[in-house]
Amino acid sequence: MRLLFAGTPDPAVPSLRALLDSPRHEVVAVLTRPDAPAGRGRKLVRSPVGALADEAGIPVLTPGRPSDPEFLDALRELAPDCAPVVAYGALVPRAALDVPRFGWVNLHFSLLPAWRGAAPVQAAIRHGDDVTGATTFRLEEGMDTGPTFGVVTDTIGATDTSGALLGRLADSGARLLSATLDGIEDGTLFAARQPPEGVSTAPKVTTADARVDPRNPAAAIDRLIRSVTPDPGAWCEFRGERLGLGPVRPLRTGEVELAPGQLLVERKRVLVGTTTVPVELGEVRPVGKRAMPAPDWARGARIDAGESLA
């Protein structure tokens with residue numbers, strides 16, 4: 001099939017690469033978000049998907065909105081049979097959805113109808129799900145509401161961060177998307193409506209959402225931090241300034257008792273109290289500095305007895 005691939009960030013790259021390598025399909029163009037400023041110099045940088053397309057010599061379309069008349073004209077001229085989508089980052093209007101004869105097929109990183117929205121992997125970890133996965137479905141105007149083609153599943157490990165889990169799902173999801181397109185072309189795969197039960201939503205995670213409150217239980221703090229690692233990154237306050245937090249390790253019941261937020265600096269570890277058991281800090285990132293092991297930070301900060309995180 002002739003394909004228009006739509007995607008933007010790193011997790012979409014394995015899917016584009018798989019389709020570029022497929023002997024059955026031809027990627028005739030790539031749709032991605034416009035180049036964005038990045039780094040200290042704030043220079044315009046191509047998206048990861050756009051960079052791979054450039055490397056492969058494939059035309060790249062970067063409309064401000066997919067409803068722009070110029071893009072719709074280009075889409076009609078390309079006349080793709082299907083438009084696979086992975087984390088493109090903008091809503092596709094009806095005028096564009098109707099162009100490919102097999103529609104737009106989205107790879108979403110959850111087991112739909114669970115966790116519809118922008119941050120499904122983060123939501124699954126934060127809410128303590130044991131299993132998640134990826135789903136292919138036909139794109140509609142609703143938010144991840146279209147009928148589904150297939151799924152892959154993955155167990156969420158006790159130390160999984162959203163970055164690690166999303167990396168695995170990006171690889172297994174790429175294989176699922178490729179197989180889905182093969183089945184659509186063969187006429188052997190048909191979409192089924194999503195069940196009305198089990199619907200949940202996963203809106204975009206903000207920096208404010210990533211703030212750690214020591215007055216929560218250790219298990220909830222552990223899941224929150226892992227869910228926002230690496231992006232947008234967990235944080236709290238120490239001495240009135242922001243302190244970035246990497247994944248933590250909850251202690252066993254009765255090992256140490258600390259008040260919520262209270263710090264305890266030992267020779268090889270730094271503990272902080274919660275409403276249940278304390279947690280051992282991993283890496284921390286003070287303002288304006290690189291991430292470092294918590295004991296190194298504590299030695300430099302010269303933490304006094306009774307100081308706390310907030």
Side-chain angles (χ1 to χ4, degrees), residues 1-33 46-62 66 75 78-90 92 96-97 99-112 115 118-121 124 131-139 144 146-155 160 162-192:
M1 289 191 293
R2 288 171 52 84
L3 304 177
L4 168 75
F5 183 87
T8 298
D10 282 319
V13 168
S15 288
L16 175 56
R17 197 180 300 278
L19 295 176
L20 290 173
D21 293 341
S22 172
R24 299 189 53 169
H25 308 296
E26 177 191 6
V27 180
V28 296
V30 158
L31 169 65
T32 191
R33 299 298 295 151
R46 190 72 112 182
S47 74
V49 164
L52 177 56
D54 288 339
E55 180 183 319
I58 296 171
V60 177
L61 307 176
T62 59
L75 178 62
L78 287 167
D81 297 309
C82 188
V85 188
V86 186
Y88 166 52
V92 180
L97 292 174
V99 173
R101 63 191 180 106
F102 290 116
W104 295 60
V105 176
N106 195 10
L107 173 66
H108 184 72
F109 296 115
S110 81
L111 299 176
L112 291 172
W115 306 128
V121 173
V131 176
T132 189
T135 306
T136 48
F137 71 96
R138 180 174 290 120
L139 201 63
D144 302 329
T148 62
F149 292 103
V151 300
V152 292
T153 61
D154 198 324
T155 301
D160 269 339
S162 61
L165 180 55
L166 186 54
R168 296 202 306 270
L169 292 176
D171 289 336
S172 61
R175 295 189 291 272
L176 171 64
L177 180 61
S178 184
T180 296
L181 297 176
D182 291 349
I184 291 173
E185 183 181 39
D186 292 339
T188 59
L189 187 61
F190 303 94

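Just the heavy atoms: all of them, side chains too, but no hydrogens, waters or symmetry mates, feed the values below.
- A donor-acceptor pair is defined here as one N or O able to donate and one able to accept, closer than 3.5 Å; such a pair exists between the side chain of W104 and the backbone of A96.
- Side-chain atoms of E185 come within 3.5 Å of backbone atoms of M1 as a donor-acceptor pair (strictly under, hydrogens ignored).
- By the 4.5 Å heavy-atom criterion applied to side chains, F5 and S15 are counted as neighbours.
- Although no hydrogens or angles enter the test, the distance criterion places a donor-acceptor pair under 3.5 Å between the side chain of S22 and the main chain of R24.
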Please report the C-alpha distance between T153 and L111 in whole Å, then the side-chain angles of each, then the deciding distance to 0.1 Å, and finally whether the side chain to side chain contact (heavy atoms under 4.5 Å, CB included) criterion is met. CA-CA 8 Å; T153 61; L111 299 176; 4.1 Å; yes

Working for side chain to side chain contact (heavy atoms under 4.5 Å, CB included), residues V86 and N106: CA-CA 6 Å; V86 186; N106 195 10; 5.6 Å; no

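- The backbone N or O of T135 lies less than 3.5 Å from no partner atom in the side chain of H108, so there is not a single donor-acceptor pair.
- Within the 3.5 Å criterion, the main-chain N or O of A174 finds no donor-acceptor partner in the side chain of S178.
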Chi angles and distances behind the side chain to side chain contact (heavy atoms under 4.5 Å, CB included) call for L165, D154: CA-CA 8 Å; L165 180 55; D154 198 324; 4.3 Å; yes

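- Residues that satisfy the side-chain hydrogen bond (donor to acceptor under 3.5 Å, both in side chains) test with R33, not counting sequence neighbours, are absent from this structure.
- The heavy-atom pair separating A90 from P66 by the smallest distance is CB-CD, 4.1 Å.
- Without hydrogens or angle criteria, R2 side chain to L78 main chain gives a donor-acceptor distance under 3.5 Å.
- D81 and H25 form no side-chain donor-acceptor contact under 3.5 Å, judged by distance and modelled atom types alone.
- The two atoms that bring G173 and A134 nearest to each other are CA-CB, 4.4 Å, heavy atoms only.
- When atom types are taken as modelled, the side chain of T136 and the backbone of L107 share no donor-acceptor pair closer than 3.5 angstrom.
- Of the listed residues (P14, S172, P84), just one forms a side chain to side chain contact (heavy atoms under 4.5 Å, CB included) with L177, and that residue is P84.
- Listed by chain and number, the residues in a salt bridge (Lys or Arg N to Asp or Glu O under 4.0 Å) with R138 amount to none (sequence neighbours excluded).
- For V60, the side-chain contact (heavy atoms from CB on, under 4.5 Å) partners two or more places apart in sequence, or in a different chain, are T32, R46, A53, D54, T62.
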